[in-house]
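This report refers to the structure that appears directly beneath it.
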Amino acid sequence: MSVLVFADHHHGKFPKGSLEAVSYAKKVAEQLGTDVVAITYGTLSGDGGLGSAGASKVLRSALTSASDSQQMTRVIVAAASQANADVVVFAHDIAGKLIAPRVAARLDAGLVPGATSLPDASFSVKKNVFSGKAIAEITMNTAKKVITVLPNSFALENNGTTAAVEDFSADAGAAGVKVKEVKIDSKDGEIPLPEAELVVSAGRGMKGPEHWGQVEELAKILGAATACSRPVADIGWRPHHEHVGQTGITIRPNLYIAIGISGAIQHLAGVNGSKTIVVINKDPEAPFFKAADYGIVGDAFEVLPRIIEGAKQFVANK
Amino acid sequence: MKILVCISKAPDTTSKIAFTDGNSKFDENGVTYIVNPYDEWYALVRALELKETLGGNVTVVSVGGADYEPIIRKALAIGADDAVRIDAAESDSLFVAKQIAAYAKAQSFDIIFCGKETINFNGSIVPGMVAELLDMPYVALAHKIDVAGNTATIEREVTGGVEVLEVATPFVISAAKGMAEQRIPNMRGIMAARTKPLATIAAADAQPSTTLKSYSLPPAKSGCKYITPENAGDLIKMLHEEAKAL
Ligand SMILES: Cc1cc2nc3c(=O)[nH]c(=O)nc-3n(C[C@H](O)[C@H](O)[C@H](O)COP(=O)(O)OP(=O)(O)OC[C@H]3O[C@@H](n4cnc5c(N)ncnc54)[C@H](O)[C@@H]3O)c2cc1C
Ligand SMILES: Nc1ncnc2c1ncn2[C@@H]1O[C@H](COP(=O)(O)O)[C@@H](O)[C@H]1O
C-alpha cells in the first residue's frame, strides 16, 4: 500500500503547489505507515525535487501534457492500482481541478477539494467554504479517497533525498482534446498571481489606469504580483486575469496590500486567506479595515510615494 | 445543438454566514438564494448565445429539493427552453454528479455546461465527475468557446498563458469569468418562464461518498494596527520586523 500523488509541472519545473501536495501526501503516508509514490509525465530533469519533498518513488508517464483529462485519468488510475494506493493526492490548482474529480469518479472515491488540514483518524479533512467565510470539516466515507491540497497552506518538506524515477507505461487511450496553441501572456519574470507570495492590489480609488505606475513600481521593488478589484478589470483599467474576489481568482499570499479598495464582501472572499493584509484608504469607515492587520487612513497619492521610498531602502539594506 | 446547463443555487453573496444544529447546518434564516453566478452569468448565457447562432435547444438541470424552483424559473426567464429538477438533497458532489450523469446518459446532449464552482461549496469538482461518469472529454475553467459543426474551440488559462483547445462534441465544460456577459431577464422572459416545461424526476440510486462533520468560522483578526500617513515610509520595515510578511 502507498499514497499516490499527482505532480504537475511546467516545462520540467514543479511549482510550489505541486511540491506542497507531495509533502502533504508524505504526512498522510506517515499516518498510514507507508510511502509516497508520485506520478508525473513528460520530460524531467532528475526527480525535479519530488524526492526531497517527500516522494519515495517517481513514476513518469510518456504523456507530454496534462491537458487531456481523460488520458491523464487513465494513467493515474493505473498508477493507483499498481502502487496499491487507496489515497490519491493532487494540488488544488489548474491540473488538479481538471483531473482529480475524474479520478474520484472512476475510483468511486469521496473527494475533498482544497484541503487545509491533514486527515484525522476518521479521515475528516477541513476545507474553506462560502468563499473563505467559513470552514467545513468533511468526512470521506469511501474505501478510496481523493484529496486536493490548497496551495500555500502546508509547509514544504525538504529532506535532501532524491527519488528514483521509473518510466510508467499505461494505456492512456485516445486523446479527447487537442492542444492547438498556448498563447504566452505573462511577461518574462512576471509572477503568476495565484502563486504569488506578495501581492499589491488596487481599486477604483486609483481614479484611472494612468495612475497604476506607482502600484506597479511598488510591486516591482518588492517582487510582488499585481491584482485589482472587479470594477477596475470591468472598466478595462487592468487585465481580467488580475481580478480577485468571489467572481475572480482566490489568492492566499503572505502579504496583500490593498490600495483604494473599499473591501466589499465579494472582494474579501477572494483575499481573506492572505496571512497579512494592509489597507490604504482615505475613508476611515471603509469596510476593508475590519479585515486588515495594518491600516493607513490617507490619500493613496500621498502615501504611496512614501511606501515606495521605504521599500527601496528596505531592499537596499537587505 | 442540444445543450445541457447544470444550475446550482447559492446564498446571495452578501448573506450572513452562520450555522445551527451544533454547527452542522447552514443557518438559512434571512438568506436569499440566487443562481450560482458562474452557472448563470457565464455557462447559461454562453449556452444561449450558441443556441441563438447554431439553433437547437437549451435545457437546464438541477439536483435539489422543491426550493430549487425559483432558481430554475430564473434560468428559464433568462432564456433556457426547458428544465429538469432531479428530486434529491444535494448531499455530496459525487452524488450530484451521478444524478446529472444518469439523466444526461439517456439524452445525447452535445455540450454539458457547468459553472467553474459553486460559491458556497467552492468545489470545482461536479463537472469533472460528470465527464468521467459519461466518458466525455472535459475542459475546466474555460473563458471562451466557439463551435463550428461538431468541433469546439475553447480557451482556458494555464500557468503563464492561455491554452487553445479543440474538442469534438459531446463534451463537458466548466465556465469561468469572461465567457459571456450577464443577461438581465426582461418582463417577457419572466412571463414566458411561468409556462415553460419544468419536469421533476426521481433520483437515481446512489450513496453520498462524503458527509459533513461540522462547520466553523475562521479565527477573527486580532485588530487593525494603524499607521499615520506621515509614517507610511515605515510600513515596509514593520511588515518585515513585526509581521514577518516580507
Ligand atoms: C455577485 C457579485 C460578485 C462580485 N464579485 C467581485 C469580485 O470578485 N471582486 C471584486 O473586487 N468585486 C466584486 N464585486 C463588486 C463588489 O461588490 C464591489 O463593488 C467592488 O469590489 C468595489 O471595487 P473597489 O473597492 O475598487 O471600488 P469602490 O467600492 O468604489 O471603492 C473605492 C475605494 O477607494 C477609496 N479611495 C478613493 N480615493 C482614494 C484615494 N485617493 N486614496 C485612497 N483611497 C481612495 C474609497 O474610499 C473607496 O473605499 C461583486 C459584486 C457582486 C454583486
Ligand atoms: N445541485 C446541483 N445541481 C446542478 N448542478 C450543480 C449542482 N451542484 C453543482 N452543480 C454544477 O457543478 C458546478 C461546480 O460545482 P462544485 O463542484 O460544487 O463547485 C456548478 O457551477 C454547477 O454548474
Side-chain angles (χ1 to χ4, degrees), chain A residues 10 67 69-70 73 94 97-98 101-102 104-106 110-111 113-114 124 128-131 133-142 176-186 192 240 246-248 254-255 265-266 275-276 289 291-296 298 302-303 306-307 309-311 314, chain B residues 13-14 17 37 92-94 97 119-125 127-129 131-133 137-141 153 157-167 171 177-178 208-218 221 224-227 229 232-240 243 245-246:
Chain A
H10 193 54
S67 298
S69 57
Q70 283 176 297
T73 296
I94 290 168
K97 290 177 193 174
L98 178 70
R102 295 199 81 118
R106 181 58 55 187
L111 161 53
S124 305
N128 295 336
V129 290
F130 296 100
S131 304
K133 286 172 241 166
I135 299 156
E137 192 166 355
I138 296 171
T139 310
M140 288 167 270
N141 305 317
T142 44
V177 306
K178 190 151 72 183
V179 180
K180 299 290 286 178
E181 81 174 286
V182 180
K183 300 190 235 174
I184 304 299
D185 71 355
S186 62
H240 277 296
Q246 187 133 34
T247 46
N254 283 335
L255 175 63
I265 193 158
Q266 298 92 354
K275 298 215 172 71
T276 301
F289 285 117
D293 300 287
Y294 291 87
I296 302 179
E302 215 174 281
V303 167
R306 294 192 190 128
I307 297 178
E309 214 32 62
F314 170 72
Chain B
T13 52
T14 56
I17 306 300
D92 127 271
S93 305
L94 188 52
I119 61 168
N120 44 354
F121 184 64
N122 307 110
S124 238
I125 57 178
M129 289 172 164
E132 184 65 16
L133 295 168
Y138 171 45
V139 181
L141 318 185
T153 305
E157 257 173 52
V158 292
T159 309
V162 169
E163 190 178 64
V164 186
L165 301 159
E166 224 173 64
V167 190
F171 61 86
K177 184 194 161 156
S209 58
T210 58
T211 44
L212 182 100
K213 194 166 160 189
S214 68
Y215 286 112
S216 55
L217 294 172
K221 287 265 179 190
C224 179
K225 178 165 181 175
Y226 286 95
I227 302 168
D234 298 338
L235 172 73
I236 298 295
K237 216 172 84 200
M238 289 167 85
L239 289 173
H240 171 65
L246 276 167

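Computed from heavy atoms alone, side chains included, the values below leave out hydrogens, waters and symmetry copies. Every chain is numbered from 1 and lettered A, B, ... according to where its sequence line falls, protein lines coming before strand lines.
Counting only heavy atoms from C-beta outward, the side chains of A/Ile135 and A/Val129 never approach each other to under 4.5 Å. At a threshold of 4.5 Å between non-hydrogen side-chain atoms, the residues B/Glu157 and B/Lys177 do not count as touching. Counting heavy atoms from C-beta outward, B/Glu163 and A/Glu181 have side chains that stay 4.5 Å or more apart. Between B/Pro137 and A/Gln70 there is a side-chain heavy-atom pair separated by less than 4.5 Å. Under the 4.5 Å side-chain criterion, counting only non-hydrogen atoms from C-beta, A/Gln246 is not in contact with B/Pro37.
Between chain B and the residues A/Ala136, A/Gly110, A/Ala104, A/Pro113, the most heavy-atom pairs under 4.5 angstrom are made by A/Pro113. Considering only heavy-atom pairs separated by less than 4.5 Å from chain B, the leading option among A/Ala292, A/Gly298, A/Gly114 is A/Ala292. Looking only at heavy-atom pairs under 4.5 Å with chain A, the residue among B/Gly123, B/Ser93, B/Ala97, B/Pro208 that has the most is B/Gly123. Listed options B/Asp92, B/Val139, B/Leu239 were ranked by heavy-atom pairs under 4.5 angstrom with chain A; first place goes to B/Leu239. Ranked by heavy-atom pairs under 4.5 Å with chain B, the first of A/Ile296, A/Asn254, A/Thr142 is A/Ile296. Of the listed residues (B/Thr153, B/Leu217, B/Thr211, B/Thr14), the one with the most heavy-atom contacts under 4.5 Å to chain A is B/Thr211. Between chain A and the residues B/Ala245, B/Gly233, B/Gly128, B/Cys224, the largest count of heavy-atom pairs under 4.5 Å involves B/Cys224. Taking A/Thr276, A/Asn141, A/Thr247 one by one and counting their heavy-atom pairs under 4.5 Å with chain B, the maximum is reached by A/Asn141. For the options B/Val167, B/Leu165, B/Asn122, heavy-atom pairs under 4.5 Å to chain A are most numerous at B/Asn122.
In this structure, the portions of A/Lys97 lying under 4.5 Å from any heavy atom of chain B include both its backbone and its side chain. Contacts of A/Ile265 with chain B are made by side-chain atoms alone, with heavy-atom separations under 4.5 Å and no backbone atom involved. Only the side chain of B/Ile17 comes within contact range of chain A, with at least one heavy atom under 4.5 Å from a heavy atom of that chain. Interface remark: B/Ile119 contributes backbone and side-chain atoms alike to the contact with chain A (heavy atom separation under 4.5 Å). For chain B, the nearby parts of A/Thr139 are the backbone and the side chain; heavy atoms of each come within less than 4.5 Å. Proximity to chain A is limited to the side chain of B/Leu94, based on heavy atoms less than 4.5 angstrom apart. Only the side chain of A/Ser124 comes within less than 4.5 Å of a heavy atom in chain B; its backbone stays farther off. Heavy atoms of A/Tyr294 lying under 4.5 Å from chain B belong to its backbone as well as its side chain. In this structure, the portion of A/Gln266 lying under 4.5 Å from any heavy atom of chain B is its side chain and not its backbone.
For A/Lys275, the NZ atom sits in a packed shell: over 12 heavy atoms of surrounding residues, nucleotides or ligands are nearer than 6.0 Å.
Between A/Asp293 and B/Lys221 there is a salt bridge, with a side-chain nitrogen of the basic residue lying less than 4.0 Å from a carboxylate oxygen of the acidic one.
Shortest non-hydrogen contact noted between B/Ile125 and A/Pro101 is O-CB, 3.2 Å. The heavy-atom pair separating A/Ser67 from A/Val177 by the smallest distance is O-CG2, 3.5 Å.
Residues passing the ring-ring contact (aromatic ring centres under 6.0 Å, His included) test with A/Phe289, sequence neighbours excluded: B/Tyr226. By the ring-ring contact (aromatic ring centres under 6.0 Å, His included) test, B/Tyr215 is found to be paired with B/Phe19, residues two or more places apart in sequence or in another chain being considered.
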